[in-house]
Amino acid sequence: MDPHWWQSATIYQIYPRSFQDSDGNGIGDLAGITARLDYVAALGIDAIWISPIYPSPMADFGYDVADYCDVDPRFGTLADFDALLARAHDLGLRVLLDLVPNHSSDRHPWFAASRSSRADPQRSWYIWRDPAPDGGPPNNWISDFGGPAWAWDAATGQYYAHAFLPEQPDLNWREPGLRRAMYDAMRFWFDRGIDGFRIDVLWHMIKAADFPDNPPNPDYREGMGEMHKVLQLHSTDQPEVHGIAAEMRAIADGYAGDRVLIGEIYLPVPELMTYYGSDTAPEVHLPFNFQLIEARWDAATLAGIIAAYEAALPPGGWPNWVLGNHDRQRIASRIGQRQARVAAMLLLTLRGTPTLYYGDEIGLADVAIPAIQVQDPRELREPGIGLGRDPVRTPMPWDGSVGAGFTTGTPWLPINPDHAIRNVAAQSDDAASMLSLTRNLLVLRRRHAALRVGLIREIVGEDDVLRFEREHGGERFVIALNLSDEERRFTLPDHVELPQLLLSTVPEWRTGGEDCDGRTLPLAPNEGIILLDG
């Protein structure tokens with residue numbers, strides 16, 4: 001097998017506002033990322049994905065784009081980006097950018113033209129509709145940030161659609177001129193040398209042409225967020241979106257160097273699989289698989305998820321796994337620090353491409369944000385129900401100094417309160433730290449093809465132990481993960497003969513005196529182990 005680079009790679013997501021501030025203004029920037037690339041490469045990462053860096057009013061912190069072919073001055077310049085890209089490539093790191101194609105900023109020149117007149121040539125680049133008979137919004141669609149998914153424009157007497165903030169009007173992908181302009185933006189960055197895109201909310205990009213009401217959600221309950229009052233049957237995941245994904249893929253495939261497209265798609269597995277496309281019309285290389293972010297953390301559930309996902313993959317479809325991102329609760333907060341170590345072992349030993357969110361390699365947890373310091377528009381629109389994303393976007397703690405090595409100024413969000421002990425410098429020389437565990441896992445992935453591209457077999461979840469095997473080229477590994485805080489035992493498969501322990505998440509427990517009963521092995525509370533057969 002000669003895998004594509006992205007099949008054997010580990011991807012590292014960087015939220016640029018929070019990674020490294022180079023000029024003391026409290027906001028991370030491109031020069032800061034460049035300064036930390038040696039750390040990323042030494043960690044064992046193969047590619048970085050950088051959340052949006054485009055010019056933006058920052059109503060949604062970069063996901064409201066005002067120019068798809070430039071860099072926001074807060075982050076630097078195109079020259080700064082070119083320097084980052086060159087340094088990354090020198091270190092053997094690939095670079096992916098965030099593409100935000102569902103919506104732009106309301107400050108984008110395209111939207112300024114579109115709302116200037118119903119007769120403007122770019123009017124059709126956005127989604128405009130007449131009011132309902134009662135003068136209200138055209139239908140019952142709800143924004144993902146709460147409230148109607150329509151905003152009134154008094155000057156032209158119509159509503160425009162916005163799946164998120166009113167400051168983020170949805171683009172009309174049924175308009176050929178808009179498509180050409182967005183594809184030109186993709187080419188701008190490919191021509192500059194980037195290695196791929198993560199495509200934001202890909203499944204949102206086309207809406208039903210006749211804009212019918214969405215059906216009510218029979219399972220809605222208070223606290224879920226207003227967006228869940230209806231099922232997004234007509235406002236997302238329309239059949240025509242696959243044609244767009246295929247056109248994007250054709251653009252990527254037209255470039256040398258094996259460029260990759262990753263799609264953000266929050267859909268059930270059967271629908272997710274359709275975004276791989278077909279042999280004649282391939283779509284994204286990796287439709288993001290978010291199941292571990294949402295799963296109940298027990299062995300039987302996880303075993304079922306892994307087996308079902310593997311079985312659902314289309315021929316040639318490559319799996320991928322994610323534990324966290326800039327929108328969802330950090331894994332250390334969700335399952336605790338001890339199980340976060342087990343989760344890291346799971347992520348980095350499953351078959352497929354893993355994506356690691358910055359800070360998870362040191363066990364960074366959600367940070368409580370005082371109400372007066374809340375920045376996230378999601379939280380500001382629906383406060384108090386736990387949907388805010390600020391807690392997972394806090395600055396990277398590099399050391400125990402006042403600014404955590406992130407900034408010499410005032411950070412844009414609070415630094416984790418335990419940063420004096422939970423930081424990169426403190427964990428770098430600690431063999432028992434989360435950072436050391438992550439490095440060791442990534443060393444094993446690079447050293448053994450079976451852990452990167454090998455088959456996965458014997459997926460079993462019972463008595464709180466999740467066990468599976470990886471195999472390639474005559475090498476076989478057994479991974480066993482204790483998802484409980486009590487000691488557990490598991491039985492080796494009959495075909496495993498002379499297992500050698502390569503790594504444990506609880507190394508201090510492995511003194512050599514564990515009570516083994518024939519082919520039954522013990523696991524410490526919250527322990528994961530990697531065994532090499534023979």
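All values derive from a computational prediction rather than experimental measurement.
- Within the 3.5 Å criterion, the main-chain N or O of S18 finds no donor-acceptor partner in the side chain of R393.
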Evaluate the criterion side chain to side chain contact (heavy atoms under 4.5 Å, CB included) for residue pair I529 and F490; output intermediate values, then yes/no. CA-CA 12 Å; I529 60 173; F490 76 101; 4.0 Å; yes
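- Atom CZ of residue R446 and atom CG of residue D46 lie 4.5 Å apart, to the nearest 0.5 angstrom.
- By the 4.5 Å heavy-atom criterion applied to side chains, V201 and F164 are counted as neighbours.
- Residues forming a ring-ring contact (aromatic ring centres under 6.0 Å, His included) with H419 (at least two apart in sequence, or on another chain): none.
- Taking the centre and axis of the six-membered ring of W321, the NZ or CZ atom of R351 falls outside the cone set by 45° and 6.0 Å.
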Check against salt bridge (charged side-chain N to carboxylate O under 4.0 Å, His left out), R330 and D366: CA-CA 6 Å; R330 283 193 181 269; D366 293 4; 5.0 Å; no
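- At a cut-off of 3.5 Å, with distance as the only test, a side-chain donor of D195 or H89 sits close to an acceptor on the other residue.
- Checked by atom type, the side-chain pair E294/Y266 shows no donor-acceptor distance below 3.5 Å.
- Closest of all the heavy-atom pairs between V95 and I50 is CG1-CD1, 4.3 Å.
- F477 pairs by the ring-ring contact (aromatic ring centres under 6.0 Å, His included) definition with H448, not counting sequence neighbours.
- Checked by atom type, the side-chain pair W297/Q339 shows a donor-acceptor distance below 3.5 Å.
- Panel note: side chain N423, backbone A426; a donor-acceptor pair is recorded below 3.5 Å.
- Of all heavy-atom pairs spanning Q13 and G324, the tightest one is OE1-O, 4.5 Å.
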In sequence, state the C-alpha distance, the side-chain angles, and the governing distance for L435 and L43, and then conclude on side chain to side chain contact (heavy atoms under 4.5 Å, CB included). CA-CA 8 Å; L435 181 57; L43 184 60; 3.7 Å; yes
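- With a 4.5 Å cut-off on side-chain heavy atoms, I335 and V342 do not count as touching.
- Using a 3.5 Å distance cut-off with no hydrogens or angles, the side chains of S235 and N214 do pair a donor with an acceptor.
- No donor-acceptor pair closer than 3.5 Å links the side chain of Q238 to the backbone N or O of M205.
- Residues passing the ring-ring contact (aromatic ring centres under 6.0 Å, His included) test with H242 are Y275, sequence neighbours excluded.
- Counting non-hydrogen atoms of neighbouring residues, nucleotides and ligands closer than 6.0 angstrom, the CG atom of D430 exceeds 12 such neighbours.
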Could you walk me through whether T505 and L481 pass side chain to side chain contact (heavy atoms under 4.5 Å, CB included), step by step? CA-CA 9 Å; T505 63; L481 309 171; 5.9 Å; no
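- Under the 3.5 Å distance criterion, with hydrogens and angles disregarded, a donor-acceptor pair is assigned to the side chains of S504 and E527.
- Side chain of N320 to backbone of N289: a donor-acceptor contact under 3.5 angstrom is found.
- Using a distance-only test at 3.5 Å, with no hydrogens or angles considered, a donor-acceptor pair links the side chain of R470 to the main chain of L350.
- Counting non-hydrogen atoms of other residues, nucleotides and ligands closer than 6.0 Å to CD of E462 gives a total of 12 or fewer.
- The aromatic rings of H4 and W6 sit parallel to each other, their planes meeting at less than 30°, with 60° as the upper class boundary.
- Separation of atoms CD1 (I293) and CG (L323) is listed at 7.5 Å; rounding is to 0.5 Å.
- No side-chain donor-acceptor contact under 3.5 Å links H495 and E458.
- Looking at residues two or more places apart in sequence or on another chain, you find no ring-ring contact (aromatic ring centres under 6.0 Å, His included) involving F406.
- Residue R338 places its CZ atom among 12 or fewer non-hydrogen atoms of other residues, nucleotides or ligands, all under 6.0 Å distant.
- Residue E497 places its CD atom among 12 or fewer non-hydrogen atoms of other residues, nucleotides or ligands, all under 6.0 Å distant.
- Panel note: side chain W412, backbone R17; a donor-acceptor pair is recorded below 3.5 Å.
- What you find for D327 and V392 is that their closest heavy atoms are N-CG2, 4.3 Å.
- Judged purely by atom type and a 3.5 angstrom limit, R198 has no side-chain atom pairing as donor or acceptor with the backbone of D98.
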When you look at H326 and Y63, which way does the ring pair (Phe, Tyr, Trp, His ring centres under 6.0 Å) test go after all the steps? CA-CA 12 Å; H326 61 291; Y63 286 93; 5.4 Å; yes
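- Side chains of Q373 and D390: a donor-acceptor N/O pair is absent below 3.5 angstrom, by distance only.
- Shown here are the salt bridge (Lys or Arg N to Asp or Glu O under 4.0 Å) partners of D258, two or more places apart in sequence or in another chain: there are none.
- A donor atom on one side chain and an acceptor atom on the other are found under 3.5 Å apart for D170 and N102.
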Criterion salt bridge (charged side-chain N to carboxylate O under 4.0 Å, His left out) on D376 and R381, from CA distance to verdict: CA-CA 9 Å; D376 181 20; R381 285 170 68 91; over 6 Å; no
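- Considering all non-hydrogen atoms of both residues, W5 and G257 come closest at NE1-O, 4.0 Å.
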Go through the steps to decide whether D464 and N482 satisfy the test side chain to side chain contact (heavy atoms under 4.5 Å, CB included), and finish with yes or no. CA-CA 6 Å; D464 297 320; N482 181 0; 4.2 Å; yes
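- Relative orientation of the F19 and Y12 rings is perpendicular, given thresholds of 30° and 60° on the angle between their planes.
- None of L348, L503, L502 except one satisfies the side-chain contact (heavy atoms from CB on, under 4.5 Å) rule with N440; the exception is L503.
- Judged by distance alone, the side chain of E475 and the main-chain N or O of A450 form no donor-acceptor pair under 3.5 Å.
- At least one side-chain heavy atom of M248 sits less than 4.5 Å from a side-chain heavy atom of P101.
- For Y357 and W49, the distance between ring centers is not under 6.0 angstrom.
- The main-chain N or O of G384 is found under 3.5 Å from a side-chain atom of E379 such that the two form a donor-acceptor pair.
- Between H285 and R249, the side chains place a donor N or O and an acceptor N or O closer than 3.5 Å (distance only, hydrogens not considered).
- With hydrogens and angles disregarded, no donor-acceptor distance shorter than 3.5 Å links the side chain of E361 to the backbone of T438.
- With sequence neighbours left out, E382 forms a side-chain hydrogen bond (donor to acceptor under 3.5 Å, both in side chains) with R378.
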